[in-house]
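The next block holds one structure in the form of C-alpha cells; read it before the comments.
The first residue in the sequence is number 1, and the count goes up from there.
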Amino acid sequence: MSTEDRPPAPRSLAEALRGRDDVSLGALLRSRPDLITPVPTDLTQLATRAGTRASVVRALERLDRFTLQTAEALAVAADPATYDELLGLMAGDDADPAVVQALPHALGVLREQALVWGGDDRLRLVRTARELLAPSPQHPSPTGLGPTVQEATAGMSPGRIQEIVTAAGLPSTHDSVSAVTSLTELFTDRGRMAALLAGAPADSLDVLERLVWGPPYGQVTADPAPRLRWLLDRGLLLPTAPGTVVLPREVALHLRRGLAHRTPEPVPPVVEAVAVHRPQVVDSTAAGQAYTALATVEELLKDWDEGGPAVLRAGGLSVRDLKRTAVALDVPEPVAAFWVELAYAAGLIAPDGEADERYAATPAYDEWLELPAAERWSRLITAWLAATRTAGLVGGRDAKDRTLSALGAGLDRSAAPEVRHRVLALLAGLPEGAAPAAESVLARLRWERPLRGAQPGDDLRGRLAEWALSEAELLGVTGRGALSAHGRALLGAPAAPAKSPEAEPSGPGDKLPVHHRPAHVPTLSATEQAVASAAAARLLTPLLPEPLDHVLLQADLTAVAPGPLQRPLADTLGVLADVESKGGATVYRFTPGSVRRALDAGQSASDLHAFLAAHSRTPVPQPLTYLIDDVARRHGHLRVGAASAYVRCDDDAVLNEILADKRASSLGLRRLAPTVLAAQTDPAGLLEGLRAMGFAPAAESAEGDVLITRAHAHRTPPRTAPEPVPDGPPVPDDTLLAAALRAIRAGDLASTTPRKPGTAPEVNGELPRTGSAETLATMQAAVLTGEALWIGYVNAEGAASQRVIAPIRVEGGFVTAYDHTADEVRTYPLHRITGVAELADDAG
C-alpha cells in the first residue's frame with residue numbers, strides 16, 4: 001500500500017476505536033465489561049470511559065506479567081513511541097529471542113483492551129495508564145527507572161545546567177533547553193557514553209551500579225564525597241531535593257543495555273509435576289474421598305437435624321459452636337468451617353428465622369438426601385465452584401479488626417470462583433495421574449495476575465489457590481494431588497495430554513490464547529457447567545461403593561458396618577446403637593441407653609430382634625439378645641405423667657424402693673396411692689432423675705398410653721442458596737453484546753454524520769432544535785425526495801438520542817422512517833422529536 005493509499009493515523013482513542021470492526025470491539029467489551037455498564041451512546045463516550053481511572057486500574061490488574069511489563073515499558077518510553085523503541089526497552093541490546101517472539105502478542109492484548117492505540121510508528125499508552133505506571137518519587141515504577149534528564153532538570157538554574165554540560169565535555173549553549181537536549185543526546189549515544197564512563201573513577205561506577213536497577217534515588221551530604229562529586233558535575237546524578245539525588249533514566253538505560261526490566265518474563269512458568277500415579281489409583285482415591293465428603297455433610301446436617309447452633313447477633317457461628325461442630329465431625333476447626341460453608345453455599349442449611357434464631361437444615365436437604373450419591377456430590381461441587389464465600393478466612397480479621405466467623409458476613413471474595421477454575425484448569429493441563437508442585441501452581445498464577453503494588457502477605461489469589469488445592473482434595477475432585485477423571489469432566493476439559501509436563505512448549509506463542517484469556521471470563525456458562533457436572537457424576541457413579549444391607553454383629557456388643565449402609569438400615573442402626581469409630585468400616589456399640597432410645601422411638605423388643613436377625617451376616621450374639629430383653633422388660637414398668645408429674649407402677653415394692661432411695665430426695669416424691677407417687681418436678685425432670693437412679697421409666701399421655709418419643713426434624717422455611725458476589729460487571733453474552741454494538745454504532749453514526757452548514761448545532765453532541773411546524777415540513781419534504789435527516793429524539797423514559805432516519809410517510813402525528821442507526825423501520829411520535837437537520841450532500 002502506498003503512502004497516499006494508507007489510512008490516516010488516528011488522532012485519538014475514539015478515532016482508533018472508530019476504525020475497528022465489530023469483532024474487535026466485541027473483544028474489547030468482553031475483556032472490559034465495565035465499559036458497557038451502561039451502554040455508551042457512541043464511540044467517543046466509550047473511549048472516554050475506557051480512559052477513566054477506575055476502568056484502567058481494573059484492566060491493568062487483569063494483565064499477565066509480561067503484558068504488564070510491556071505497558072510499564074511504554075510508560076517510560078517517549079510519547080508516542082515506535083515499535084522498535086518498545087522492542088529495545090523489552091529485549092535490550094541483545095534482543096532476547098523469547099521477548100522478540102512474545103512482544104507482538106502482548107502489544108496486541110494492550111491494543112485489544114484499548115490501553116494502547118496508534119500504529120507501530122506512533123504507539124500511545126492511554127493517558128491514565130501512563131500516569132499510573134510512570135515513575136514518580138511517590139509511586140516508583142516497577143522498572144526501577146527514575147525521571148528523564150528533562151524532568152530532573154526542570155527546576156535547575158540555567159547556570160548550573162551550563163556547568164554540567166561543560167563538565168560532560170559538551171559545548172556550552174545559549175539556553176537551558178538546548179543544553180538539556182545536548183545532554184540527553186549524550187546519554188542516549190552508546191559510544192559517547194561509554195567513552196565518558198571510561199574515565200570515571202571505579203568507586204563512582206560502584207555508586208551507579210547500586211542505583212541502576214532501582215530505586216534510583218540516593219542521599220548525599222552538603223559536601224559530597226569525591227566519587228559523588230564526579231557524577232554530580234557531569235549530570236550522571238542530578239539533584240531532586242536538598243540531600244537527594246537521582247539517576248537519570250537515560251543513564252540507567254545505558255547501564256542496563258537498554259532494558260526497562262531487569263528480568264523480562266515473556267514465558268509463563270511451567271506447572272511442574274512432583275509425582276505421577278496410575279490414573280486408576282487417582283480416580284479410586286478421589287472417589288473414596290468424594291464418598292467421605294458426602295458422609296461428612298450428612299453427619300453435619302444430622303447433628304443439626306433438630307435445630308443447630310444459635311445465630312450470633314452479628315450473624316454467623318460462635319467460636320464455641322464451631323469447636324463443637326469440629327469435635328462432632330472429628331476434623332480440625334478450619335476443615336469444619338469449610339464443611340459448614342459448603343452446606344450453606346449448597347442451600348442445605350440456613351437460619352430458621354425464628355425469634356430465637358438458629359441454624360437448621362432446609363427443605364432442600366431432604367430433597368438432596370433422596371438423590372443418588374453421585375448427583376449429591378455433583379450438587380456440592382457445583383456450589384463449591386461458584387461460591388464466593390471463602391471458608392479459609394474464618395478466624396481472621398476484617399478491615400475493622402473484627403473476627404470473621406463461619407456463616408458470618410465478610411467472607412465473600414469475588415476472585416474465588418475464577419481462581420478455583422484456573423487452578424483446576426492448570427491441573428487438567430498435566431498428564432493423567434500427575435500431581436503438581438503447589439509452588440509451581442502459585443508461581444503460574446502470580447505470572448497470570450501479578451500483584452501490582454501489593455505488599456508482601458497481600459497475595460489473596462495465592463491463598464485462594466492454596467485453599468482450592470486442599471478443598472479439591474477434600475471433595476474428591478483430586479486424588480493424591482492429581483486431577484481425577486470426573487474432576488476433568490467437571491471442567492468440560494478434553495482428555496489429558498499424553499506428553500510430560502516438562503515437554504510443555506516454551507515458546508511464548510504456544511498456548512497464548514489460554515495464557516492471555518481474560519481471567520474474569522468464566523470458563524463455562526451456567527448451562528455448560530450443569531452439563532459438565534452431570535457428565536462428572538456419570539463417571540463417578542461406578543467408582544462409588546454400593547450401599548450394604550447388612551452388618552456384622554460381634555459378641556462384645558458391637559456391630560461392624562464393612563462399608564456404607566443403605567439409608568433405612570443406617571438410620572435405624574443409628575438409633576439402636578452409638579457410633580464408636582469411623583473409617584473404612586464403622587463400628588457401632590449397643591448400650592442400655594441406646595436400646596432404650598430405640599424403645600422410646602416406638603420399637604418393641606421383638607421388632608429389634610427381627611431387625612438384627614434380618615440385617616446381620618453373623619448370628620445375633622446372646623449377650624445382645626439378653627441386653628435387649630433386659631432393657632425391654634424394665635422399659636415402661638414405671639409410668640410418668642403430669643400432676644405436675646407422677647409415677648405409677650403396679651408393683652408397689654418398686655415404688656417403695658424409689659421412696660427409700662436418697663437420690664430421690666430432690667424429686668419431691670410422695671405417695672398418693674399404693675401404686676402412685678406424686679412429684680414436685682416436671683415430667684422431663686422426673687424421667688431424667690429416675691433413669692439416673694437406674695430405672696427405665698416410660699412417659700405416658702393423659703389417656704395413659706405410652707408416649708413414643710421420636711426426634712423431630714427441624715426445618716427452615718424454603719430458602720435459596722446465597723448468591724455469589726460478582727467480580728465486577730458480568731461478561732456480556734452474545735445477545736447483549738450484539739445489541740450494545742448496534743447501539744454504539746448507531747449513536748456514533750448519528751453524532752458524526754455531516755450536517756448542512758447552518759442547520760446543525762455548533763456544540764458537538766447537542767440535539768437539533770426546530771419548531772414543530774418546521775419539523776413537520778422538513779419531514780414531508782424528505783418523504784418526497786427520499787433524503788435522510790438527522791433528528792433528536794427523547795423516548796418515554798426521558799433518554800435523549802440522535803438518529804439518522806429516512807422518512808417513508810408522515811400521518812396522524814407520527815413519522816414512519818427507516819432508522820439508519822437501528823437498521824430497521826420504526827415509527828416515532830412527532831411530539832418527541834426535538835428538531836431536525838438536513839445532512840450534507842456527501843454524508844456517508
Side-chain angles (χ1 to χ4, degrees), residues 14 17-18 22 25-26 29 33-50 52 729 732-844:
L17 295 178
R18 201 163 281 127
D22 283 355
L25 278 180
L29 298 180
D34 56 294
L35 298 182
I36 58 170
T37 310
V39 177
T41 57
D42 54 31
L43 288 170
T44 300
Q45 189 178 92
L46 176 63
T48 302
R49 193 175 296 174
T52 59
D733 57 23
D734 292 340
T735 303
L736 175 59
L737 193 63
L741 287 173
R742 190 173 181 178
I744 293 171
R745 293 286 192 196
D748 202 60
L749 174 63
S751 63
T752 58
T753 300
R755 286 60 150 164
K756 284 188 177 181
T759 63
E762 297 298 328
V763 180
N764 185 33
E766 182 182 342
L767 298 180
R769 300 285 178 180
T770 55
S772 57
E774 183 181 352
T775 298
L776 178 60
T778 306
M779 291 284 185
Q780 291 172 336
V783 171
L784 299 176
T785 61
E787 294 180 349
L789 300 174
W790 173 55
I791 67 169
Y793 180 72
V794 179
N795 64 15
E797 288 75 32
S801 62
Q802 305 176 57
R803 299 179 177 277
V804 176
I805 66 171
I808 299 173
R809 63 177 179 273
V810 180
E811 58 185 11
F814 292 87
V815 56
T816 301
Y818 176 76
D819 190 332
H820 288 275
T821 55
D823 195 22
E824 64 182 11
V825 175
R826 290 184 174 180
T827 299
Y828 297 101
L830 285 172
H831 70 275
R832 292 193 176 277
I833 296 177
T834 64
V836 61
E838 298 180 54
L839 302 180
D841 295 335
D842 59 349

- Restricting to pairs with a member in residues 771-783, which pass salt bridge (Lys or Arg N to Asp or Glu O under 4.0 Å), not counting sequence neighbours? none

- Message: I'd like to know whether the aromatic ring centres of F814 and Y828 sit less than 6.0 Å apart in this structure.
- Response: no

Is the closest side-chain heavy-atom distance between [X] and [Y] below 4.5 Å?
{"X": "D22", "Y": "R742", "value": "no"}
{"X": "L46", "Y": "L25", "value": "yes"}
{"X": "V804", "Y": "L789", "value": "no"}
{"X": "L741", "Y": "L29", "value": "yes"}
{"X": "T827", "Y": "V815", "value": "no"}
{"X": "M779", "Y": "I791", "value": "yes"}
{"X": "R745", "Y": "D42", "value": "no"}
{"X": "V794", "Y": "H831", "value": "no"}

- Message: Using modelled atom types and a 3.5 Å cut-off, is there a donor and acceptor pairing between side-chain atoms of R832 and backbone atoms of Y793?
- Response: no

To check you understand the geometry: which heavy-atom pair defines the closest contact between [X] and [Y], and what is its length?
{"X": "P732", "Y": "P33", "value": "CD-CB, 3.9 Å"}
{"X": "Q45", "Y": "P40", "value": "OE1-CA, 3.1 Å"}
{"X": "L43", "Y": "A14", "value": "O-CB, 4.2 Å"}
{"X": "T775", "Y": "V836", "value": "CA-CG1, 3.8 Å"}
{"X": "L736", "Y": "D733", "value": "N-OD1, 2.7 Å"}

With sequence neighbours excluded, residues passing salt bridge (charged side-chain N to carboxylate O under 4.0 Å, His left out) with [X]:
{"X": "R809", "answer": "E811"}
{"X": "D734", "answer": "R30"}
{"X": "D34", "answer": "none"}

- Examine the side chains of R18 and T44 and answer whether a donor and an acceptor come within less than 3.5 Å of each other.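 T44 and R18 do have a side-chain donor-acceptor pair below 3.5 Å.
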
- If you measure from OH on Y818 to CD1 on I808, what distance do you get to the nearest 0.5 Å?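 Taking OH in Y818 and CD1 in I808, the distance rounds to 10.0 Å.
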
- Query: What residues, two or more places apart in sequence or in another chain, satisfy side-chain contact (heavy atoms from CB on, under 4.5 Å) together with S772?
  - Reply: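 Partners of S772 under the side-chain contact (heavy atoms from CB on, under 4.5 Å) test: none.
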
- Item | Qualifying residues under side-chain contact (heavy atoms from CB on, under 4.5 Å), relative to T37, sequence neighbours excluded |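 side-chain contact (heavy atoms from CB on, under 4.5 Å) check on T37 returns P729.
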
